[in-house]
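Inspection log for the structure reproduced underneath, given as structure tokens.
Just so you know, these numbers come straight off a predicted model, no measurement behind them. Side chains are part of it too, since the values below use all heavy atoms of this structure and drop only hydrogens, waters and symmetry mates.
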Amino acid sequence: MAHNGSVNESVPVSRTVDGGQAKLMPDVDRERAWLLTVDGAPQSYVDLAEPAHLEFEYARRLGHLLDTVAEPGHPLDVLHLGGGALALPRYVAATRPGSRQTVIEADRGLLAFVREQLPLPERSGIDARCADARVWLEAAPAGSADILIADVFAGSRVPAHLTSVEYVRQAARVLRPEGRYAANLADRAPFDFLRTQIATLGSVFQHVRLVAEPAVLRGRRFGNVLLIASRNELPVQPLARRCAADAFPARVEPAATLEGLFGRAEPVTDSDSRPSPPPPEGAFSIG
């Protein structure tokens, strides 16, 4: 039986969107939970009955960040670059009622598919817009966000125009003085891309931390790494404790840890930026 106009809970739904073939697949273990894939690559996991449940490892770590940047329940102004199935905006709406959130998703077809099949609750405070993330960011008001979360992938790669110093300066401009920037990236040792991103963020923000599981940091596999940046020192202990105690443990490290292991890199500009590396065959795909 469908609820509030959402998809039937037992039947996968597919649609061709701008970025390929989108599919919503039900989770047999959770009655109203859905996995969104595009061309077989997982994009989002949403539980309509329990929006505070985050399934993906990187999303859980972003959830821990969102939980620890302010007092519990305190509303936040959040700008999300990249939408997917709106898992993190739903999480914030559930855990911090009254928050104002803007979501920027470049794939118009995907956004329409998600809105139709997985409708947002009334008065969620979530404003989802179709636009290029960089274009929207450059027009956004200065000092308008407490948190900026960048989770933008064209296919399985971060677009080049969201990796440069010029882009990061715009992100810093939109954040309030105490604001936090967080980016979901993917790479593997020797982390050539990740090191350039640390250098690029460090050229604008005074403090940069990374969050990753030890196996990824030790170079054992390709995986997601969060970079968290701020103008002021990050109070990392609450976040570190939550990440360490998670079902998928991760460590919060100074950016210098990665530099010490693999060396420094130079910041990238619009003139020499590149997209993130493609994942190895089968790294994220679902049959």
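Linking Ile, Leu, Val, Met, Phe, Trp and Tyr residues whenever their side-chain heavy atoms come within less than 4.5 Å places V204 and L258 in a single cluster. Under the 4.5 Å side-chain contact rule for hydrophobic residues, L111 and L24 do not share a cluster. Follow the hydrophobic side-chain contacts under 4.5 Å out from V17 and you reach V46 in the same cluster. Under the 4.5 Å side-chain heavy-atom criterion for grouping Ile, Leu, Val, Met, Phe, Trp and Tyr, L79 is connected to L201 within one hydrophobic cluster. Under the 4.5 Å side-chain heavy-atom criterion for Ile, Leu, Val, Met, Phe, Trp and Tyr, L261 and L185 are members of the same hydrophobic cluster.
Between the side chains of N232 and Q206, no donor-acceptor pair is found at a separation under 3.5 Å. Between the side chains of D270 and Y167, no donor-acceptor pair of N or O atoms lies under 3.5 Å.
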Using salt bridge (Lys or Arg N to Asp or Glu O under 4.0 Å), reason through R134 and E166 one step at a time and then give a plain yes or no.
CA-CA 10 Å; R134 174 82 175 260; E166 292 88 344; 5.3 Å; no
Intermediate values then yes/no, side chain to side chain contact (heavy atoms under 4.5 Å, CB included), T95 and L66
CA-CA 9 Å; T95 59; L66 288 161; over 6 Å; no
Pair R115, L120 - check side chain to side chain contact (heavy atoms under 4.5 Å, CB included), show working.
CA-CA 7 Å; R115 280 172 164 163; L120 291 165; 5.8 Å; no
In sequence, state the C-alpha distance, the side-chain angles, and the governing distance for R176 and E178, and then conclude on salt bridge (Lys or Arg N to Asp or Glu O under 4.0 Å).
CA-CA 6 Å; R176 295 181 177 133; E178 301 294 324; over 6 Å; no
Before you tell me yes or no, could you show the steps for E213 and R221 under salt bridge (Lys or Arg N to Asp or Glu O under 4.0 Å), namely the whole-Å CA-CA distance, both residues' side-chain angles and the distance that decides it to 0.1 Å?
CA-CA 10 Å; E213 63 178 277; R221 67 177 182 85; 2.3 Å; yes
Go through the steps for V165 and V268 under the test side chain to side chain contact (heavy atoms under 4.5 Å, CB included), then give the verdict.
CA-CA 6 Å; V165 170; V268 297; 5.9 Å; no
Step-by-step side chain to side chain contact (heavy atoms under 4.5 Å, CB included) determination, V168 to S203
CA-CA 9 Å; V168 174; S203 71; 5.9 Å; no
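Between D77 and R100 there is a salt bridge, since a side-chain N of the basic residue sits under 4.0 Å from a carboxylate O of the acidic one.
Although no hydrogens or angles enter the test, the distance criterion places no donor-acceptor pair under 3.5 Å between the side chain of S156 and the main chain of P279. R129 contributes no side-chain N or O that, together with a main-chain N or O of W136, makes up a donor-acceptor pair within less than 3.5 Å. With R173 contributing its side chain and L137 its backbone, the two residues share a donor-acceptor pair below 3.5 Å. With hydrogens and angles ignored, the 3.5 Å screen pairs no side-chain donor or acceptor of T37 with any backbone N or O of P42. D39 places a side-chain N or O within donor-acceptor distance of the main-chain N or O of Q21, the cut-off being under 3.5 Å. Looking only at distances, no side-chain donor or acceptor of Q101 sits under 3.5 Å from a matching main-chain atom of I126. D246 contributes no side-chain N or O that, together with a main-chain N or O of P249, makes up a donor-acceptor pair within less than 3.5 Å. In this structure, E50 contributes its side chain and A52 its backbone to no donor-acceptor pair below 3.5 Å. Judged purely by atom type and a 3.5 angstrom limit, T68 uses its side chain to pair as donor or acceptor with the backbone of H64. At distances below 3.5 Å, not a single donor-acceptor pair connects side-chain atoms of D27 with backbone N or O atoms of W34.
Within 6.0 Å of the CD atom in E266, the count of heavy atoms belonging to other residues, nucleotides or ligands does not exceed 12. Within a 6.0 Å sphere centred on CZ of R218, other residues, nucleotides and ligands contribute more than 12 heavy atoms.
Counting only heavy atoms from C-beta outward, the side chains of R251 and V211 never approach each other to under 4.5 Å. Residues C130 and E105 fail the side-chain proximity criterion, which asks for heavy atoms closer than 4.5 Å. No side-chain heavy atom of R242 sits under 4.5 Å from any side-chain heavy atom of R60. Considering only heavy atoms from C-beta on, P26 comes within 4.5 Å of P12 through its side chain. Proximity of L194 to L227: side-chain heavy atoms (C-beta onward) are separated by under 4.5 Å at one or more points.
Shortest non-hydrogen contact noted between L210 and A255 is CD2-CA, 4.2 Å. Nearest heavy atom pair, residue K23 against residue S14, reads CE-OG, 3.5 Å. The two residues A212 and N224 make their nearest non-hydrogen contact at CB-O, 4.3 Å. In this structure, A186 and F193 approach most closely via the heavy-atom pair O-CD2, 4.3 Å. Across all non-hydrogen atoms, the minimal contact from P214 to A250 is CD-CA, 4.5 Å. Of all heavy-atom pairs spanning D187 and P277, the tightest one is OD1-CG, 3.4 Å.
Between Y181 and F205, the ring planes lie parallel to each other; the angle is under 30°, not in the 30° to 60° tilted range.
If you take CD on E55 and CZ on R30, they are separated by 7.0 Å, rounding to the nearest 0.5 Å. Summarising the geometry, atom CZ belonging to R96 is positioned 4.5 Å from atom CG belonging to L76; distances are rounded to the nearest 0.5 Å. We find the CG-CG distance between L162 and D151 to be 11.0 Å, quoted to the nearest 0.5 Å. The distance from the CG atom of L65 to the CZ atom of R180 is 8.0 Å, given to the nearest 0.5 Å. Rounding to the nearest 0.5 Å gives a distance of 6.5 Å between CG of D272 and CZ of R274. Rounding to the nearest 0.5 Å gives a distance of 4.5 Å between CE of M25 and CG of L35.
Residues meeting the salt bridge (Lys or Arg N to Asp or Glu O under 4.0 Å) test with E233, sequence neighbours left out: R209. Remark: F191 engages F262 in a ring-ring contact (aromatic ring centres under 6.0 Å, His included) (not counting sequence neighbours). R195 is linked by a salt bridge (Lys or Arg N to Asp or Glu O under 4.0 Å) to D192, counting only residues two or more places apart in sequence or in another chain.
When each of V152, L148, V103 is tested with H80 by the rule side chain to side chain contact (heavy atoms under 4.5 Å, CB included), just one qualifies, namely V103. Of the options D146, I147, T102, a side chain to side chain contact (heavy atoms under 4.5 Å, CB included) to V78 is made by I147 and by none of the others. The side chain to side chain contact (heavy atoms under 4.5 Å, CB included) with R61 is formed by just one residue from the set I228, V225, L226, N184; it is L226.
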